Amino acid sequence: METLPHRDALARFGHALSDPTRTQILLSLRTGSAYPSELADRIGVSRQILSNHLACLRGCGLVVAVPEGRRSRYELADRRIRHALDDLLGLVLAVDPACCPAADNEECR
């Protein structure tokens, strides 16, 4: 039976994935934790933009900051998130491998 918490949880996950930068962050953290400066360089965004997206992902409960002295590294909040991302990728690519071949594909935005 569908409940409001179920709906809200999926809506949060969908919101997180609705932005390409947040999606890149999640996909990057899927392979392991990283410091914000590393993520910003890897993804190609400013540290301020990355910080805003990390705050959103923390608010959605998908990533956590792990304090390390004066720095914090980020990781997925739960290992099941990595599995969920893997499953979603597998499903989308299995259904339509040609989906979103380029960033300018309007149908996939």
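What you see is a predicted model, and the numbers here were worked out from it, not measured in a lab.
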Any link between V64 and L57 through a network of hydrophobic side chains (Ile, Leu, Val, Met, Phe, Trp, Tyr) touching at under 4.5 Å? no
Is there a path of hydrophobic side-chain contacts, each under 4.5 Å between heavy atoms of I/L/V/M/F/W/Y residues, joining Y35 to L54? no
Just to verify, what does D78 make a side-chain contact (heavy atoms from CB on, under 4.5 Å) with, not counting sequence neighbours? R80, I81
Would you say CZ of R47 has more than 12 non-hydrogen atoms from neighbouring residues, nucleotides or ligands within 6.0 angstrom? no
For the backbone of R73 and the side chain of S33, can you confirm whether one donor and one acceptor N or O come within less than 3.5 Å of each other?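 No, because the side chain of S33 does not come within donor-acceptor range (under 3.5 Å) of the backbone of R73.
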Could you tell me whether a side-chain N or O of R12 sits under 3.5 Å from a main-chain N or O of G59, the two making a donor and an acceptor? no
I25 pairs by side chain to side chain contact (heavy atoms under 4.5 Å, CB included) with which of L50, L76, V45? L50
Exactly one of L62, L27, L88 should register a side chain to side chain contact (heavy atoms under 4.5 Å, CB included) with L17. Which one does? L88
Measuring from atom CG of D8 to atom SG of C60, what distance do you get when rounded to the nearest 0.5 angstrom?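 Here the rounded value is 11.5 Å.
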Start with the C-alpha distance between L29 and Y74, add both sets of side-chain angles, then the distance that settles side chain to side chain contact (heavy atoms under 4.5 Å, CB included), and finish with yes or no. CA-CA 8 Å; L29 292 177; Y74 283 81; 4.3 Å; yes
Residues in salt bridge (charged side-chain N to carboxylate O under 4.0 Å, His left out) contact with D86, at least two apart in sequence or another chain: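 Per chain and number, D86 pairs via salt bridge (charged side-chain N to carboxylate O under 4.0 Å, His left out) with R30, R82.
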Step by step, would you call D19 with H53 a side chain to side chain contact (heavy atoms under 4.5 Å, CB included)? CA-CA 9 Å; D19 181 87; H53 286 293; 3.2 Å; yes
Give the C-alpha distance, both sets of side-chain angles, the deciding distance and a yes or no for side chain to side chain contact (heavy atoms under 4.5 Å, CB included) between R22 and H15. CA-CA 9 Å; R22 288 193 296 269; H15 175 73; 3.8 Å; yes
